[in-house]
Undergrad: 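Take a look at this one; I'll ask things after.
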Amino acid sequence: MEKKDFEAWLDNISVTFLSLTDLQKNESLDHLISLSGAVQLRHLSNNLEILLKRDFLKLLPLELSFYLLKWLDPRTLLTCCLVSKQWNKVISACTEVWQTACKNLGWQIDDSVQDPLHWKKVYLKAILRMKQLKDHEAFETSSLIGHSARVYALYYKDGLLCTGSDDLSAKLWDVSTGQCIYGIQTHTCATVKFDEQKLVTGSFDNTIACWEWSSGAKIQHFRGHTGAVFSVDYNDELDVLVSGSADFTLKVWALSTGMCLNTLTGHTEWVTKVVLQKCKVKSLMHSPGDYILLSADKYEIKIWPIGREINCKCLKTLSVSEDRSISLQPRLHFDGKYIVCSSALGLYQWDFASYDILRVIKPPDFANLSLLGFGDIFALLFDNKYLYIMDLRTEKLISRWPLPEYRKSKRGSSFLAGEMSWLNGLDGQNDMGLVFATSMPDHSIHLVLWKEHG
């Protein structure tokens with residue numbers, strides 16, 4: 001057919017085709033397709049892909065693409081990354097989407113990171129770690145062996161664990177290697193705390209001692225309590241040591257001289273925990289930067305100003321029941337802003353500025369759970385059988401890890417949490433090292449550690 005005749009025929013066919021109904025158009029196309037050969041079908045396929053498969057990520061401005069991608073969940077986005085290299089490049093660079101996904105998993109966000117592809121990698125790492133937690137595969141265990149009698153006292157700091165035992169010794173361990181760095185002869189240890197130069201021990205013999213790691217020598221002795229010393233804390237800057245005892249009192253000492261500066265009374269039970277901490281909030285009773293002393297017994301938490309005045313008055317007494325019918329667990333968290341303690345009624349969080357109860361967390365079967373650590377995102381809890389991680393945003397337990405038959409202690413001194421920074425949000429770097437340590441009936445120390453990323 002001549003070109004002129006073909007064009008006239010095509011115009012006539014086009015006019016007729018446009019006048020047909022949709023059903024008639026479809027039937028006409030089906031008939032033409034049935035008459036077509038391979039060349040025509042290939043031509044049809046190539047043109048249909050151009051007409052129907054519009055790559056909107058390629059056509060839209062980048063800012064508009066990012067806005068649309070925000071409405072998709074992370075798993076769908078990961079699937080979309082498989083569509084093409086262009087899609088993968090655009091989606092991977094959508095920083096806000098991946099940062100939000102990481103936050104939702106309990107991950108910390110460092111806004112100073114400029115690499116646009118960084119946060120997708122972080123999300124992939126985060127989703128793996130959270131899956132390991134859910135599948136009980138995030139931790140591993142080991143043991144420290146060296147004491148010949150029961151271990152009552154544990155203290156952890158910067159990868160080092162100090163243990164105090166009835167075998168009249170204290171040992172300092174490197175948790176990562178399991179090696180004993182120092183071992184010194186002491187009295188019976190009910191509580192320990194250390195730094196690079198010294199070790200402070202509270203004893204069942206009613207005294208406190210300060211020891212030098214390098215020589216093992218006793219460099220200070222604190223006498224005055226009439227009952228076992230269950231808790232100590234100190235501050236070199238203030239030259240102050242504080243202690244809590246079975247004689248129902250707290251004592252404030254000069255760290256360098258061993259002189260008793262103050263005896264604080266008011267408790268009617270053993271004082272099982274003392275905490276010396278800087279305040280981070282302002283109230284009528286204290287200002288940011290003030291040092292505050294907290295003490296706890298079976299029923300109450302007392303708050304004291306730390307000073308050298310003789311007639312020191314308790315600022316506030318906190319409890320979960322006015323009739324003292326509900327006891328507190330022997331663990332206390334204070335970070336300068338919040339006080340947290342567990343009881344049979346649940347996990348209590350007080351605002352330190354107002355002393356008001358902010359919330360009470362009551363997960364199922366909470367009566368048997370005790371507090372180990374508390375952060376902005378996660379809490380670490382345990383009972384007789386398991387170690388638990390709670391997401392504080394939902395107040396639900398998201399992971400658990402089995403524990404052996406460890407040594408029980410009414411004072412809570414025979415078990416502790418390890419690294420705590422991850423409780424404020426994981427970041428891919430802080431999920432390593434010690435998670436939990438407890439003394440065992442065979443005098444060993446059972447460790448629960450983060451497993452390295454797969």
Side-chain angles (χ1 to χ4, degrees), residues 152-155 157 162 164 168 170 172 184-279 286 289-297 300-315 317 330 332 334 336 411-413:
Y152 260 136
L154 301 173
Y155 185 80
K157 180 182 178 182
C162 181
L168 304 183
L172 189 65
I184 60 177
Q185 294 300 306
T186 62
H187 47 189
T188 57
C189 296
T191 182
V192 294
K193 185 175 181 179
F194 72 92
D195 56 40
E196 292 180 357
Q197 286 78 36
K198 63 183 176 294
L199 165 69
V200 175
T201 58
S203 175
F204 293 106
D205 68 9
N206 307 346
T207 70
I208 305 155
C210 185
W211 315 80
E212 186 178 59
W213 280 122
S214 59
S215 65
K218 185 192 297 183
I219 55 179
Q220 197 55 260
H221 209 173
F222 306 80
R223 301 176 184 270
H225 280 296
T226 58
V229 179
F230 291 145
S231 184
V232 295
D233 202 354
Y234 64 85
N235 184 281
D236 288 306
E237 180 185 349
L238 297 177
D239 188 31
V240 162
L241 181 145
V242 294
S243 57
S245 169
D247 62 12
F248 304 169
T249 70
L250 295 82
K251 288 186 180 291
V252 182
W253 314 80
L255 183 59
S256 58
T257 66
M259 180 184 297
C260 182
L261 305 174
N262 211 339
T263 298
L264 309 180
T265 61
H267 283 283
T268 56
E269 298 284 341
W270 291 357
V271 181
T272 55
K273 186 67 176 177
V274 292
V275 178
L276 185 58
Q277 172 74 40
K278 265 187 180 181
C279 173
H286 43 70
D290 291 347
Y291 277 93
I292 298 294
L293 171 60
L294 266 65
S295 59
D297 63 26
E300 296 177 336
I301 301 169
K302 291 185 178 292
I303 302 165
W304 312 81
I306 188 68
R308 302 195 177 207
E309 61 274 12
I310 299 301
N311 298 317
C312 183
K313 301 294 185 183
C314 176
L315 297 176
T317 298
L332 180 65
F334 177 52
R411 301 175 292 104
S413 62

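Numbers here are sequence positions counted from 1. These values consider heavy atoms only, across backbone and side chains, with no hydrogens, waters or symmetry-generated copies.
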Undergrad: Nearest 0.5 Å please: distance from the CD1 atom of Ile208 over to the OG1 atom of Thr201.
TA: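 Answer rounded to 0.5 Å: 8.5 Å.
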Undergrad: Mind checking what makes side-chain hydrogen bond (donor to acceptor under 3.5 Å, both in side chains) contact with Ser231, not counting sequence neighbours?
TA: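 Once residues adjacent in sequence are excluded, Ser231 has no partner under the side-chain hydrogen bond (donor to acceptor under 3.5 Å, both in side chains) criterion.
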Undergrad: Quick one: salt bridge (charged side-chain N to carboxylate O under 4.0 Å, His left out) partners of Asp205, sequence neighbours excluded?
TA: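 Asp205 satisfies salt bridge (charged side-chain N to carboxylate O under 4.0 Å, His left out) with no residue once adjacent residues are dropped.
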Undergrad: I want to check something: taking the side chain as every heavy atom from C-beta on, are Leu293 and Val275 in contact at a cut-off of under 4.5 Å?
TA: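 No, side chains not in contact.
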Undergrad: Can you tell me how far NZ of Lys278 sits from CD1 of Ile292, rounded to the nearest 0.5 angstrom?
TA: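 Between atom CD1 of Ile292 and atom NZ of Lys278 there are 12.0 Å.
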Undergrad: To the nearest 0.5 Å, what is the distance between CH2 (Trp253) and CE (Met259)?
TA: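 CE of Met259 is found 11.0 Å from CH2 of Trp253.
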Undergrad: What are the two closest heavy atoms between Ile184 and Gly216, and how far apart are they?
TA: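 Looking at all heavy atoms of both residues, the closest pair is CG2-CA, 3.5 Å.
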Undergrad: About how many Å separate SG of Cys260 and NZ of Lys251, when rounded to the nearest 0.5 Å?
TA: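 Going from NZ on Lys251 over to SG on Cys260, the span is 4.5 Å.
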Undergrad: Just to verify, what does Trp211 make a ring-ring contact (aromatic ring centres under 6.0 Å, His included) with, not counting sequence neighbours?
TA: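 If we apply the ring-ring contact (aromatic ring centres under 6.0 Å, His included) test to Trp211, skipping adjacent residues, the hits are His187.
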Undergrad: Looking at CG of Leu294 and CG of Leu332, how far apart are the two atoms once the value is rounded to the nearest 0.5 Å?
TA: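 One finds 5.5 Å between CG of Leu294 and CG of Leu332.
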Undergrad: Check side-chain contact (heavy atoms from CB on, under 4.5 Å) between Glu237 and all other residues, then give those that pass, not counting sequence neighbours.
TA: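 Asn235, Tyr291.
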Undergrad: Could you go through Val232 and Ser243, starting from their C-alpha distance and side-chain angles, then the distance that decides it, and tell me whether this counts as side-chain contact (heavy atoms from CB on, under 4.5 Å)?
TA: CA-CA 4 Å; Val232 295; Ser243 57; 4.2 Å; yes
Undergrad: Any side-chain heavy-atom pair from Val252 and Ile306 closer than 4.5 angstrom?
TA: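 Yes, at least one pair of side-chain atoms sits under 4.5 Å.
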Undergrad: Please report the C-alpha distance between Phe230 and Val271 in whole Å, then the side-chain angles of each, then the deciding distance to 0.1 Å, and finally whether the side-chain contact (heavy atoms from CB on, under 4.5 Å) criterion is met.
TA: CA-CA 7 Å; Phe230 291 145; Val271 181; over 6 Å; no
Undergrad: Would you check, one step at a time, whether the test side-chain contact (heavy atoms from CB on, under 4.5 Å) holds for Tyr152 with Val192?
TA: CA-CA 9 Å; Tyr152 260 136; Val192 294; over 6 Å; no
Undergrad: Ser203 side chain to Cys189 main-chain N or O, any donor-acceptor pair under 3.5 Å?
TA: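 Checking the backbone N and O of Cys189 against the side chain of Ser203, no donor-acceptor pair under 3.5 Å is found.
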Undergrad: Which heavy atom of Gln220 sits nearest a heavy atom of Gly258, and at what distance?
TA: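 Gln220 and Gly258 have their closest heavy atoms at CD-N, 3.7 Å.
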Undergrad: Under the salt bridge (charged side-chain N to carboxylate O under 4.0 Å, His left out) test, which residues partner Lys302, sequence neighbours left out?
TA: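 Partners of Lys302 under the salt bridge (charged side-chain N to carboxylate O under 4.0 Å, His left out) test: Glu300.
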Undergrad: Using the test side-chain hydrogen bond (donor to acceptor under 3.5 Å, both in side chains), find all partners of Asp297 that sit at least two apart in sequence or belong to another chain.
TA: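 side-chain hydrogen bond (donor to acceptor under 3.5 Å, both in side chains) list for Asp297, sorted by chain: His267.
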Undergrad: Applying side-chain hydrogen bond (donor to acceptor under 3.5 Å, both in side chains), can you list everything that pairs with Lys273, at least two apart in sequence or on another chain?
TA: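 In terms of side-chain hydrogen bond (donor to acceptor under 3.5 Å, both in side chains), with neighbours along the sequence ignored, Lys273 is linked to no residue.
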Undergrad: Compare all side-chain heavy atoms of Lys198 with those of Leu255 and state whether any distance is below 4.5 angstrom.
TA: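 Side-chain contact under 4.5 Å: yes.
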Undergrad: Hey, does Lys157 have a side-chain heavy atom less than 4.5 Å from the side chain of Asp195?
TA: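 Contact flag for Asp195/Lys157 side chains = yes.
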Undergrad: Are Cys210 and Val200 close enough that some pair of their side-chain heavy atoms sits under 4.5 Å apart?
TA: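 Answer yes - side chains close enough.
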Undergrad: Asn206: which residues meet the side-chain hydrogen bond (donor to acceptor under 3.5 Å, both in side chains) condition with it, sequence neighbours left out?
TA: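 For Asn206, no residue satisfies side-chain hydrogen bond (donor to acceptor under 3.5 Å, both in side chains) once neighbours in sequence are set aside.
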Undergrad: Regarding Thr249 and Thr265, do their side chains bring together a donor and an acceptor under 3.5 Å, going by distance alone?
TA: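 No.
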Undergrad: Which residues pass the salt bridge (charged side-chain N to carboxylate O under 4.0 Å, His left out) test with Asp233, not counting sequence neighbours?
TA: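 Lys193.
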Undergrad: Which residues satisfy the side-chain contact (heavy atoms from CB on, under 4.5 Å) test with Ser256, sequence neighbours excluded?
TA: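 Per chain and number, Ser256 pairs via side-chain contact (heavy atoms from CB on, under 4.5 Å) with Asp239.
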Undergrad: Please name all residues satisfying ring-ring contact (aromatic ring centres under 6.0 Å, His included) with Phe334, sequence neighbours left out, ordered by chain then number.
TA: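 Scan of Phe334 (ring-ring contact (aromatic ring centres under 6.0 Å, His included), adjacent residues dropped) gives Phe352.
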Undergrad: As an exercise, state the distance from OG1 of Thr257 to CZ of Phe222, rounded to the nearest 0.5 Å.
TA: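 So the gap between those two atoms works out to 7.5 Å.
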Undergrad: Do the non-hydrogen side-chain atoms of Leu199 and Leu172 ever get within less than 4.5 Å of each other?
TA: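 Leu199 does not reach Leu172 side chain to side chain.
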Undergrad: At their closest point, which heavy atom of Ala228 faces which heavy atom of Ser245, and how far apart are they?
TA: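 Answer, listing the atom of Ala228 first, then Ser245: O-OG, 3.0 Å.
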Undergrad: Output all residues satisfying ring-ring contact (aromatic ring centres under 6.0 Å, His included) with Phe194, sequence neighbours left out; order by chain, then residue number.
TA: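 Tyr155.
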Undergrad: Going by the side-chain hydrogen bond (donor to acceptor under 3.5 Å, both in side chains) test, name the single residue among Arg223, His225, His221 that passes it with Thr207.
TA: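 For Thr207, the side-chain hydrogen bond (donor to acceptor under 3.5 Å, both in side chains) test succeeds with only one of Arg223, His225, His221, which is His221.
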